[in-house]
Student: 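Structure below; questions to follow.
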Protein chains: 2
Amino acid sequence: MLDGQDMAAVYVERWNAAATAGPAAPCPVRNVLDKIGDKWSMLLVMTLAAGPKRFNELHREVPDISQKMLTQTLRDLQRDGYVGRQVFDTKPPSVEYRLTPLGQSLIVPFGQLIEWANRSFDKIDAARADYDARD
Amino acid sequence: MLDGQDMAAVYVERWNAAATAGPAAPCPVRNVLDKIGDKWSMLLVMTLAAGPKRFNELHREVPDISQKMLTQTLRDLQRDGYVGRQVFDTKPPSVEYRLTPLGQSLIVPFGQLIEWANRSFDKIDAARADYDARD
DNA sequence: GGTGAAGATTACCTTGAGGTAAGTGCATGC
DNA sequence: GCATGCACTTACCTCAAGGTAATCTTCACC
């Protein structure tokens with residue numbers, strides 16, 4: 001297990017390597033961070049963590065997402081191998097989405113981050129109030 | 001320690017709580033995710049993990065960032081309590097940025113994510129090639 | 001008196017993520 | 001025959017993140 005400094009070095013190094021290699025060779029870290037940073041990917045992954053769901057079922061559980069973004073985010077997650085899509089030949093055809101093993105494995109480190117966020121939010125909030133109080 | 005399902009439940013629940021409470025009550029997770037997802041915050045945090053640095057020193061180590069974004073990202077990180085800013089009364093005045101204990105504590109869960117990303121990129125890449133091969 | 005470094009700030013512009021709203025094809029229920 | 005549900009697709013629009021480039025102030029050096 002790496003410590004903080006080594007981790008930082010690996011990250012910065014990889015990043016710079018990708019930057020000098022041009023946009024054709026994307027940084028693995030940036031790649032994952034883009035998914036994590038976008039508005040819906042991780043919410044869908046976490047929603048699917050409870051088990052496989054169908055399109056409209058997902059839409060009901062995450063009501064704020066538009067159909068367009070639900071389709072698009074699901075496609076992206078599928079392309080990257082985080083979720084699998086299975087069409088059942090019923091009438092009307094139904095489609096089921098479920099996490100792949102890769103998608104499930106993301107939940108572990110992402111979960112650590114969630115825990116950190118929940119633990120630390122008080123401090124962040126206090127820091128903000130403090131900062132804003134000094135003009 | 002929570003397992004995947006519980007983690008998911010906490011995340012989705014918090015998210016929904018924040019959504020129904022309106023934009024006035026932001027989700028702690030989204031809050032942290034926004035920093036992690038933006039283009040420069042985590043790169044600066046990781047660069048500062050190696051030790052305190054001055055403004056132009058940071059600019060030299062992260063050459064792709066514009067002065068504007070360096071200033072702005074540093075301000076945001078400072079406001080949230082991730083980094084501290086110390087002005088030395090030399091001539092010309094020099095300014096030093098360093099991680100706070102809160103900022104240092106972020107490196108742990110974030111580092112797990114970096115390791116996951118590096119470990120998993122081959123699979124993601126393979127999944128993409130596979131997906132793209134099927135039109 | 002001109003140049004350069006440090007640490008910014010400002011005005012302006014581009015790009016793309018995401019939202020809105022409408023439409024599609026097919027089937028069942030009333 | 002009309003409405004409704006499912007799983008999308010398409011066209012259009014908005015807004016904010018981020019980039020570019022110029023400018024500022026203070027001091028030291030030559």
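In what follows, chains carry the letters A, B, and so on, assigned in the order in which the sequence lines appear, proteins first and then strands, with residues in each chain numbered from 1.
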Student: Report yes or no: does A/T100 contribute a side-chain atom to a donor-acceptor pair with the main-chain N or O of A/Y82 at less than 3.5 Å?
Tutor: yes
Student: Over how many whole Å does the gap from A/D89 atom CG to C/dC26 atom P extend?
Tutor: 14 Å
Student: Rounding to an integer number of Å, can you tell me how far B/H59 NE2 sits from C/dA8 C1'?
Tutor: 12 Å
Student: Are any of the side-chain nitrogens in A/R128 or A/D132 under 4.0 Å away from the carboxylate oxygens of its partner?
Tutor: no
Student: Distance check needed: C/dA8 C1' versus B/N56 CG, whole Å only.
Tutor: 10 Å
Student: Give, for atom CG of B/L74 and atom CZ of B/R79, the distance between the pair rounded to the nearest 0.5 Å.
Tutor: 15.0 Å
Student: Of the options D/dG19, D/dA7, C/dG18, whose atoms approach the side-chain atoms of A/K39 most closely?
Tutor: C/dG18
Student: What residues from residues 70-83 of chain B pass a heavy-atom cutoff of under 4.0 Å to DNA chain C?
Tutor: B/T71, B/R75
Student: Using side-chain heavy atoms (C-beta onward) and a distance below 4.5 Å, is A/L43 in contact with A/T47?
Tutor: yes
Student: Whole Å only: how far is the NZ atom of B/K53 from the P atom of C/dG7?
Tutor: 14 Å
Student: For A/V32 versus B/A117, what's the shortest heavy-atom pair and its separation?
Tutor: CG2-CB, 3.6 Å
Student: Taking only side-chain nitrogens and oxygens of A/R60, does any of them come within less than 4.0 Å of OP1 or OP2 of D/dC6?
Tutor: yes
Student: Taking any heavy-atom pair under 4.0 Å as a contact, classify B/Y97: base, sugar-phosphate, or nothing.
Tutor: sugar-phosphate
Student: Quick one: B/D34 CG to D/dA16 C1', roughly how many Å, whole number?
Tutor: 12 Å
Student: Starting from C1' on C/dG7, measure out to CZ on B/R85 and report it in whole angstrom.
Tutor: 8 Å
Student: With a 4.5 Å limit on heavy-atom distance, are the side chains of B/N118 and B/W116 in contact?
Tutor: no
Student: B/D38 has an atom CG; how far is it from atom C1' of D/dG19, in whole Å?
Tutor: 15 Å
Student: Would you say the side chains of A/T73 and A/D76 form a donor-acceptor pair under 3.5 Å?
Tutor: no
Student: Listing request: all salt bridge (charged side-chain N to carboxylate O under 4.0 Å, His left out) pairs with a residue in residues 43-59 of chain B, at least two apart in sequence or in separate chains.
Tutor: B/K53-B/E61
Student: Give the B/S/- string for nucleotides 20-25 of chain D, one per nucleotide from 5' to 3', where a protein heavy atom under 4.0 Å of the base yields B, of only the sugar-phosphate yields S, and otherwise -.
Tutor: B-----
Student: Let me know the distance between CE of A/M42 and P of C/dA17, rounded to the nearest Å.
Tutor: 16 Å
Student: Report yes if a side-chain nitrogen or oxygen of A/R54 is closer than 4.0 Å to either non-bridging phosphate oxygen (OP1 or OP2) of D/dC6; otherwise report no.
Tutor: no
Student: Hydrophobic cluster membership, with links at side-chain heavy-atom distances under 4.5 Å among I/L/V/M/F/W/Y: are B/V87 and B/L70 in one?
Tutor: yes
